[in-house]
Amino acid sequence: MAIGAELEDALRSFAIAERDIVSAGQLKDGDNAMELVRVRRDLVLQFAKVGNALEQDPHLKANPDKLTEGTRLFAAFRSANSINQANWPAIRVRDEREAYRSASQPVIERSRAFWAWVDQELGFRR
C-alpha cells in the first residue's frame, strides 16, 4: 500500500504540529500563552491540510471504506480538539494547568485512535 506524497507530507507536518502543541501545553512558564496561541493556530492549519490530503489521496479514493474510516476518526479528533480549544482559551490554560491536562484527555484519546489507524491502514508512523 502506498499513500501519496501529499498525504505523507501532510501527516508528517501534522505530527510535528501536534508535538509542538503538546510541548507548549506542558510548559511551566506562565508566559507561554502566546506560544500556545501560535501552535494552536498552526495545528488548525495542519488539520485542514491533512483533511484535504485524506480526501484527495489516490490510495484512499480507490478504497472508499478505508477513506470513510479514516475521515471518521480524523473528524472525531478534529472535533475533540476544537471543543477543547473553545473551552480552554490560552489564558485559562496558563491559570489552570492541571485541569487543562485533565480536560485534554478526549483529544489525546482521539489522537491515539487516528494515529493507530494511520499506522495500521496506511503504514505511516509519526
Side-chain angles (χ1 to χ4, degrees):
M1 122 196 53
I3 61 172
E6 183 180 338
L7 179 54
E8 190 171 328
D9 289 345
L11 290 169
R12 190 171 288 111
S13 295
F14 185 77
I16 292 167
E18 191 177 14
R19 274 193 298 269
D20 288 349
I21 200 163
V22 168
S23 294
Q26 292 175 345
L27 291 176
K28 305 271 187 261
D29 182 2
D31 295 331
N32 74 327
M34 291 308 294
E35 175 65 5
L36 185 58
V37 169
R38 185 193 68 73
V39 296
R40 280 179 163 184
R41 185 175 36 244
D42 185 43
L43 188 67
V44 168
L45 294 173
Q46 295 304 322
F47 265 115
K49 186 176 172 184
V50 170
N52 276 345
L54 281 170
E55 301 258 338
Q56 299 305 315
D57 187 71
H59 170 74
L60 291 174
K61 281 177 144 181
N63 295 281
D65 290 345
K66 213 181 262 195
L67 175 59
T68 298
E69 181 67 8
T71 54
R72 183 189 66 75
L73 289 166
F74 188 67
F77 179 14
R78 193 177 195 169
S79 294
N81 183 70
S82 295
I83 291 166
N84 181 269
Q85 285 192 20
N87 289 338
W88 287 91
I91 197 80
R92 185 173 176 211
V93 171
R94 184 195 69 194
D95 295 342
E96 300 177 49
R97 200 161 295 285
E98 286 307 313
Y100 172 69
R101 283 190 185 110
S102 241
S104 296
Q105 287 308 305
V107 181
I108 293 166
E109 291 166 12
R110 299 308 182 284
S111 170
R112 285 184 186 141
F114 173 71
W115 286 110
W117 177 85
V118 167
D119 180 22
Q120 182 178 7
E121 296 297 330
L122 304 181
F124 179 90
R125 283 213 169 127
R126 53 183 167 153

Chemist: Nearest heavy-atom pair of R110 and A76: which atoms, and what distance?
Modeler: CG-O, 3.7 Å
Chemist: Out of curiosity, L67 CG to Q56 CD, how far, rounded to the nearest 0.5 Å?
Modeler: 9.5 Å
Chemist: Taking only residues two or more places apart in sequence or in another chain, which ones pass ring pair (Phe, Tyr, Trp, His ring centres under 6.0 Å) with F114?
Modeler: F74
Chemist: Starting at CD of E8, measure out to CG of L122 and round the result to the nearest 0.5 Å.
Modeler: 10.0 Å
Chemist: Which atom names give the shortest non-hydrogen contact between A10 and A53, and what distance separates them?
Modeler: CB-CB, 3.8 Å
Chemist: Check whether any side-chain heavy atom of T71 lies under 4.5 Å from a side-chain heavy atom of L60, and answer yes or no.
Modeler: no
Chemist: Nearest 0.5 Å please: distance from the OG atom of S23 over to the CG atom of L36.
Modeler: 11.5 Å
Chemist: How long is the span from the CG atom in L43 to the CZ atom in R78, to the nearest 0.5 Å?
Modeler: 9.5 Å
Chemist: Within the structure provided, determine whether V22 and R19 are in side-chain contact (heavy-atom separation under 4.5 Å).
Modeler: no
Chemist: Taking all non-hydrogen atoms of both residues, which atom of A24 and which atom of V39 are closest, and how far apart?
Modeler: CB-CG2, 3.7 Å
Chemist: If you define the side chain from C-beta out and look only at heavy atoms, does anything of F77 sit under 4.5 Å from L73?
Modeler: no
Chemist: With salt bridge (Lys or Arg N to Asp or Glu O under 4.0 Å) as the criterion, how do R38 and E35 come out once you've worked through the C-alpha distance, each side chain's angles and the decisive distance to 0.1 Å?
Modeler: CA-CA 5 Å; R38 185 193 68 73; E35 175 65 5; 2.8 Å; yes
Chemist: Got a second to check how far N84's CG is from Q105's CD, nearest 0.5 Å?
Modeler: 10.0 Å
Chemist: Got a sec, which residues hit ring pair (Phe, Tyr, Trp, His ring centres under 6.0 Å) with W88, two or more places apart in sequence or on another chain?
Modeler: Y100
Chemist: Hey, is the main chain of D9 close enough, under 3.5 Å, to the side chain of S13 for a donor-acceptor pair?
Modeler: yes
Chemist: State, to 0.1 Å, how close K66 and W117 come at their nearest heavy-atom pair, and which atoms those are.
Modeler: O-CZ2, 3.1 Å
Chemist: To the nearest 0.5 Å, how far apart are CD1 in I16 and CG in D20?
Modeler: 7.5 Å
Chemist: Quick one: closest heavy-atom pair of G70 and L54, and the distance?
Modeler: O-CD1, 4.4 Å
Chemist: Do Q85 and V44 have side chains that approach each other closer than 4.5 Å (heavy atoms only, starting at C-beta)?
Modeler: yes
Chemist: Give a yes or no on whether the backbone of G4 and the side-chain of D57 come within a donor-acceptor separation of less than 3.5 Å.
Modeler: yes
Chemist: If we check side chain to side chain contact (heavy atoms under 4.5 Å, CB included) with F14, which of these qualifies: Q46, K49, R126?
Modeler: Q46
Chemist: Charged N to carboxylate O under 4.0 angstrom, R112 versus E109?
Modeler: no
Chemist: State, to 0.1 Å, how close E121 and H59 come at their nearest heavy-atom pair, and which atoms those are.
Modeler: O-NE2, 4.5 Å
